[in-house]
Amino acid sequence: MFSKPDLQGITTLEGEYSIPIVILSIIIACVASYTALFMNERVKQNIFFNKYFWMFLASIAMGLGIWSMHFIGMSAFMLPIPMNYNLILTIISIFPAVFAFFMAFYFANKTSKTNWHFICIGILMGLGISSMHYVGMAAMEMEAKYYYKPWPFFSSIVIASGVSYIAILIFSKLQSESQPIKLIVSILMGLAISSMHYVGMSAVVFYVEGSIQSNLHHMHIMNMTSLIVIITIGIFCLFFFAGLTSLLGRYADYRLNYFDALTRFPNQRQFEKHLKSMKVSGSLAILHIDQLEKWISAYGYSFGDKIIKIIGEFVQSLKTNTSRVYRIEANRFAILDSKEQHSESLKASIESILKKLKNPLIIDNHRIKLDAVCAISHSDDIKRIEELFSNSMAVLQHPSIQYDHQVIEYDSKIHTFNLERRIIEDIDFAMENQDLFLVFQPKVWSKTKELSGLEALIRWNHPKFGMISPGLFIPILEEQGKIYDVTDWVVEKVCQQIVLFIEEGIHFSHVSINIPGSYITSPRLINVIKENLLKYNIDSRLIELEITETSVIHDIENAITAVSKFKEIGVSVALDDFGTGMSSLSYLKKMPISTIKIDKSFVDGVPTSEKDSAVLKAIITLCYSLNFKVVIEGVETKEQFEFITSFTEAPHIQGYYFSKPLKVNELKGWNQARV
Ligand code: C2E
Ligand code: CA
Ligand code: CA
């Protein structure tokens with residue numbers, strides 16, 4: 001290919017270039033590089049598809065890009081003789097580039113990289129680009145012959161490698177995710193490809209033996225139709241791959257969000273979604289594997305993963321056809337069958353799974369015996385579909401539970417009673433220990449964004465059940481008459497904490513305490529508050545009580561008297577969850593309350609819903625016209641905050657937008673960060 005023919009008796013052919021097509025070819029090379037970088041990004045972002053899969057897609061995009069660039073570049077070239085392409089070689093020419101770029105992406109995505117790595121990657125890319133070009137050249141079929149001038153030939157490869165090296169260096173060293181860097185790198189890559197092509201073209205000398213007619217015109221190596229076909233194929237492929245990448249990326253995000261990566265079963269999120277969308281019918285089994293941590297601490301996490309995988313396989317192979325399996329927690333699988341009439345077959349299938357789990361498993365030459373139990377509940381015991389889950393969980397949380405490979409069916413007499421009983425039995429112990437504790441949610445004055453108050457909210461970290469929501473245990477305590485003791489406990493803890501807050505230099509106007517039901521009218525409450533104010537030497541204005549409409553509505557007259565008494569001793573009272581109860585505006589005027597807390601439900605649709613926004617605005621205006629201080633609860637977003645502050649009045653805001661309820665230490669940090 002480098003051997004020069006005898007110059008006597010040959011006629012060399014001079015080529016000419018069409019500049020617009022040259023420019024087009026360079027643009028195509030840059031676009032292809034950009035697409036490939038975009039796809040390569042997924043290697044880091046996504047753990048769902050194998051990273052080699054993304055690298056492969058990126059290499060195909062790059063291969064196709066170089067390929068289109070080459071043939072468009074060739075069509076910019078004009079010779080005074082006709083020419084064709086060998087189809088097979090033309091197709092084959094794409095492979096070396098794909099292979100070389102796959103290798104280049106492979107090295108580029110390795111975490112530890114030395115300068116040698118970059119040099120290797122540069123050379124690989126240079127070779128990829130050049131091999132495509134020279135195989136593409138070999139695909140030419142024409143009457144003329146050609147030979148290569150060695151220097152420009154080798155320079156073309158060196159140039160391609162050199163520019164690729166610089167491009168990949170920039171890509172790795174600078175912030176590769178930033179758009180400008182990606183653009184610069186794509187332009188450099190595009191230039192590497194095009195410069196290789198055009199330097200490569202300057203290395204080739206076309207000639208014919210003998211002489212040719214002098215009146216032959218320069219013509220394009222390819223006609224315009226072929227050019228359009230190539231551009232269309234090239235661009236179509238690039239868009240196709242870019243689209244495919246995005247689509248696969250989205251699919252992968254969906255899988256990661258809704259499926260467990262290890263077992264590939266849908267996860268807890270998906271489970272909750274399915275459960276909510278179901279009619280009240282069917283059965284739910286929850287398979288619990290006990291002491292999984294024991295095996296993990298003995299043999300490591302990957303060993304634990306193997307156990308779960310094996311159990312997953314058992315469940316999948318033995319479950320009924322109509323049921324779906326979810327991995328809802330590290331050591332729990334949910335098996336849900338929406339057909340009521342299948343409850344017996346579901347139970348039988350679970351029994352066979354547990355029977356299998358009773359046998360020892362051999363994993364990595366370790367013989368292990370798993371402890372497992374399965375709780376099952378059916379829709380005949382429930383009114384709302386969510387109860388299917390809470391009932392199965394109540395079975396698992398029962399103190400008599402044993403992990404002896406049994407299926408235990410939910411029994412309302414045993415299991416419901418138990419949860420309530422445990423709460424009542426354990427609450428005293430929880431108050432004495434640190435299991436029950438308070439968190440404080442800041443209220444912020446929207447005008448100055450200063451901390452205006454705090455609401456004390458109770459938390460229970462139960463040794464057996466974990467964190468239980470106040471929404472669950474407070475109604476039980478109320479029902480069982482235990483809530484008064486707990487409220488007294490809260491009053492004392494708040495007073496103790498106020499002293500500490502003042503010592504810490506945290507400034508606020510009050511801490512509010514939630515007062516349940518009709519306790520506000522009890523003489524016991526006012527005495528408890530007076531005692532604690534005295535005991536801890538606290539200014540009564542630092543305490544605010546929150547009562548709800550529903551709790552006072554039945555006994556408005558007494559409630560008004562009680563609230564007045566608190567007002568007399570300097571303790572203010574706020575009306576909580578305003579708007580959710582049987583709102584009767586007539587009593588509002590008579591109530592000597594200082595503050596109205598507008599419920600979160602009025603804020604949720606704001607500002608997107610015009611109707612909700614108008615209602616919220618009207619309520620705020622009404623409260624101000626009655627001279628109440630206003631607190632808006634449940635403000636979560638900037639948009640909600642901005643909408644609320646767009647009025648002339650400046651309410652106080654309580655919600656996740658400013659802060660969630662915080663533990664004492666967190667509150668100190670939150671406050672310090674703001675000053
Ligand atoms: P609440 O008095 O209306 O308290 C506000 C609830 O809304 C708190 O839930 C708080 O965490 C939550 N919240 C605040 N801002 C946002 C927000 O921006 N978005 C969302 N989604 N939620 C927000 P929590 O702490 O779970 O308390 C629930 C209910 O339990 C309270 O509602 C209250 O009725 C009761 N509670 C909590 N602590 C006590 C207590 O010490 N005594 C009594 N009697 N009831 C309490
Ligand atoms: Ca409250
Ligand atoms: Ca509230």
Side-chain angles (χ1 to χ4, degrees), residues 423 427 430-431 435-444 446 453-461 467-497 510-520 522 524-525 528-529 532 543-552 572-581 583 593-606 616 619 623 630-641 643-644 651-663 666-667 670:
I423 283 177
I427 189 73
M431 282 191 280
D435 294 352
L436 206 68
F437 60 95
L438 292 178
V439 288
F440 295 87
Q441 187 174 29
K443 293 178 218 175
V444 172
S446 58
L454 295 163
E455 177 175 1
L457 292 157
I458 207 161
R459 293 289 176 268
W460 189 352
N461 190 6
M467 288 299 284
I468 346 180
S469 146
L472 177 80
F473 67 83
I474 285 187
I476 296 176
L477 294 175
E478 277 186 297
E479 218 169 274
Q480 304 293 326
K482 246 335 201 173
I483 193 71
Y484 291 0
D485 293 349
V486 175
T487 308
D488 295 352
W489 176 90
V490 175
V491 170
E492 172 141 28
K493 288 286 159 194
V494 165
C495 290
Q496 284 174 355
Q497 195 56 57
H510 64 265
V511 177
S512 17
I513 301 172
N514 288 285
I515 304 299
S518 57
Y519 196 32
I520 190 75
S522 157
R524 172 173 156 181
L525 178 69
V528 168
I529 291 182
N532 278 292
I543 300 280
E544 184 182 74
L545 307 179
E546 292 190 7
I547 57 171
T548 60
E549 296 172 277
T550 22
S551 64
V552 297
S572 56
V573 178
L575 192 64
D576 201 0
D577 302 344
F578 179 72
T580 56
S583 294
I593 46 172
S594 60
T595 305
I596 296 227
K597 295 188 79 178
I598 298 174
D599 190 65
K600 179 176 184 300
S601 53
F602 291 96
V603 183
D604 288 342
V606 168
L616 181 64
I619 296 179
C623 292
V630 176
V631 177
I632 307 195
E633 289 192 281
V635 175
E636 291 184 345
T637 65
K638 193 164 181 251
E639 291 72 32
Q640 289 172 337
F641 176 73
F643 174 79
I644 290 164
H652 296 255
I653 307 288
Q654 181 181 353
Y656 293 175
Y657 175 61
F658 281 110
S659 172
K660 292 196 169 183
L662 301 170
K663 290 184 185 165
E666 295 169 335
L667 180 72
W670 179 86

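Values reported hereafter were calculated over all heavy atoms of this structure, with side chains retained and with hydrogens, waters and symmetry mates removed. All ligand and atom numbering here is 1-based and tracks the order in the structure.
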Report summary line: Which atom of Glu546 is nearest the Ca ion (ligand 2), counting N, O or S only? It is OE1
Query raised in the report: Are Phe602 and Phe578 an aromatic pair by the rule of ring centers under 6.0 Å?
Result: no
Query - Ligand-residue contact atoms, ligand 1 with Pro661, heavy atoms, under 4.0 Å - result: 11 (O)
Report task. Could you walk me through whether Asn514 and Glu455 pass the side-chain contact (heavy atoms from CB on, under 4.5 Å) test, one step at a time? Result -> CA-CA 8 Å; Asn514 288 285; Glu455 177 175 1; 2.8 Å; yes
Requested in this report: From the options Glu478, Gln640, Glu636, select the one whose nearest heavy atom is closest to atom 21 (N) of ligand 1.
Outcome: Glu636
Query raised in the report: Going by the atom numbers of ligand 1, which of them fall below 4.0 Å from some non-hydrogen atom of Glu455?
Result: 2 (O), 4 (O)
**Report entry** Polar atom proximity, Asp576 to ligand 1 (N or O, under 3.5 Å)
**Finding:** yes
**Report entry** Between Ser512 and Lys443: side-chain donor-acceptor atoms closer than 3.5 Å
**Finding:** yes
Requested in this report: Verify the distance test for Asp577 against the Ca ion (ligand 3): any N/O/S atom under 3.0 Å, yes or no.
Outcome: yes
Query raised in the report: What protein heavy atom sits nearest atom 13 (N) of ligand 1, and how far away is it?
Result: Tyr656 CE2, 3.8 Å
Query - Contacting atoms of ligand 1, where contact means under 4.0 angstrom from a heavy atom of Gly634 - result: 16 (C), 17 (C), 18 (O)
**Report entry** Closest approach to the Ca ion (ligand 2) by Glu455, given as the N, O or S atom name
**Finding:** OE2
Report task. Go through the side-chain N and O atoms of Asp488 and Tyr519 and say whether any donor and acceptor fall under 3.5 Å apart. Result -> yes
Query raised in the report: Of Leu457, Val494, Val635, Ile458, which has the heavy atom at the shortest distance from atom 8 (C) of ligand 1?
Result: Leu457
Query - atom 11 (O) of ligand 1 touched by protein heavy atom at under 4.0 Å - result: yes
Query raised in the report: Restricting to N, O or S atoms of Asp576, which is nearest to the Ca ion (ligand 2)?
Result: OD2
Query - Within-cutoff protein neighbour (heavy atom, under 4.0 Å) for atom 17 (C) of ligand 1 - result: yes
Report summary line: Counting heavy atoms under 4.0 Å, the part of Lys660 that contacts ligand 1 is neither
Query raised in the report: What is the distance from atom CD1 of Ile513 to atom CG of Leu545, rounded to the nearest 0.5 Å?
Result: 6.0 Å
Query raised in the report: Which residue supplies the protein heavy atom nearest to atom 44 (N) of ligand 1, what is that atom called, and how far is it?
Result: Asn514 O, 3.6 Å
Report summary line: Gln441 heavy atoms within 4.0 Å reach ligand 1 at atoms 10 (C), 14 (C), 15 (N)
Query raised in the report: Do ligand 1 and Tyr657 have nitrogen or oxygen atoms that lie under 3.5 Å from each other?
Result: no
**Report entry** N/O donor-acceptor pair under 3.5 Å between Ser446 side chain and Pro651 backbone
**Finding:** yes
Query raised in the report: Distance below 4.0 Å between atom 25 (O) of ligand 1 and any protein heavy atom?
Result: yes
Query raised in the report: If only atom types and distance count, is the side chain of Glu549 paired as donor or acceptor with the main-chain N or O of Gly579 below 3.5 Å?
Result: yes
Query - Atom indices of ligand 1, in the order listed, that fall short of 4.0 Å to a heavy atom of Glu633 - result: 3 (O), 5 (C)
Query raised in the report: Quick one: does ligand 1 sit under 4.0 Å from the side chain of Val490, the backbone, both or neither, non-hydrogen atoms only?
Result: side chain
Query - Presence of salt bridge, Lys597 and Glu633, under 4.0 angstrom - result: yes
Query - Side chain Glu544, main chain Ala574, donor-acceptor under 3.5 Å - result: no
Report summary line: ligand 1 atoms nearer than 4.0 angstrom to some heavy atom of Pro470 are 24 (P), 26 (O), 27 (O), 30 (O), 37 (C)
Query raised in the report: Does Glu633 put an N, O or S atom under 3.0 Å from the Ca ion (ligand 3)?
Result: yes
Query - Side chain, backbone, both or neither: Ile474 near ligand 1, heavy atoms under 4.0 Å - result: side chain
Report summary line: Counting from 1 in the order shown, the ligand 1 atoms closer than 4.0 Å to a non-hydrogen atom of Gly655 are 15 (N), 18 (O)
Query - Under-4.0 Å heavy-atom contact between protein and atom 46 (C) of ligand 1 - result: yes
Query raised in the report: Quick one: is the NZ or CZ of Lys660 closer than 6.0 Å to the six-membered ring centre of Tyr656, and within 45° of its axis?
Result: yes
Query raised in the report: CG of Leu454 to CD of Gln441: how many Å apart, nearest 0.5 Å?
Result: 9.5 Å
Query raised in the report: Under 3.5 Å, is there a donor-acceptor pair between the side chain of Gln480 and the main chain of Leu477?
Result: no
Requested in this report: Confirm or rule out an N/O/S atom of Asn514, from backbone or side chain, lying less than 3.0 Å from the Ca ion (ligand 2).
Outcome: yes
Requested in this report: Mind running side-chain contact (heavy atoms from CB on, under 4.5 Å) on Asp577 and Thr580 for me, showing each step along the way?
Outcome: CA-CA 6 Å; Asp577 302 344; Thr580 56; 3.5 Å; yes
Query raised in the report: Taking heavy atoms and a distance under 4.0 Å, where does Lys600 meet ligand 1: side chain, backbone, both or neither?
Result: side chain
Query raised in the report: In Å, rounded to the nearest 0.5 Å, how long is the span from NZ of Lys493 to CG of Leu436?
Result: 9.5 Å
**Report entry** Backbone of Ile423 reached by a side-chain donor or acceptor of Trp460 within 3.5 Å
**Finding:** no
Query raised in the report: Counting heavy atoms only, which of Ile547, Asp577, Ile513 is nearest atom 3 (O) of ligand 1?
Result: Asp577
**Report entry** Heavy-atom donor-acceptor pair, Gln640 side chain to Thr637 backbone, under 3.5 Å
**Finding:** yes
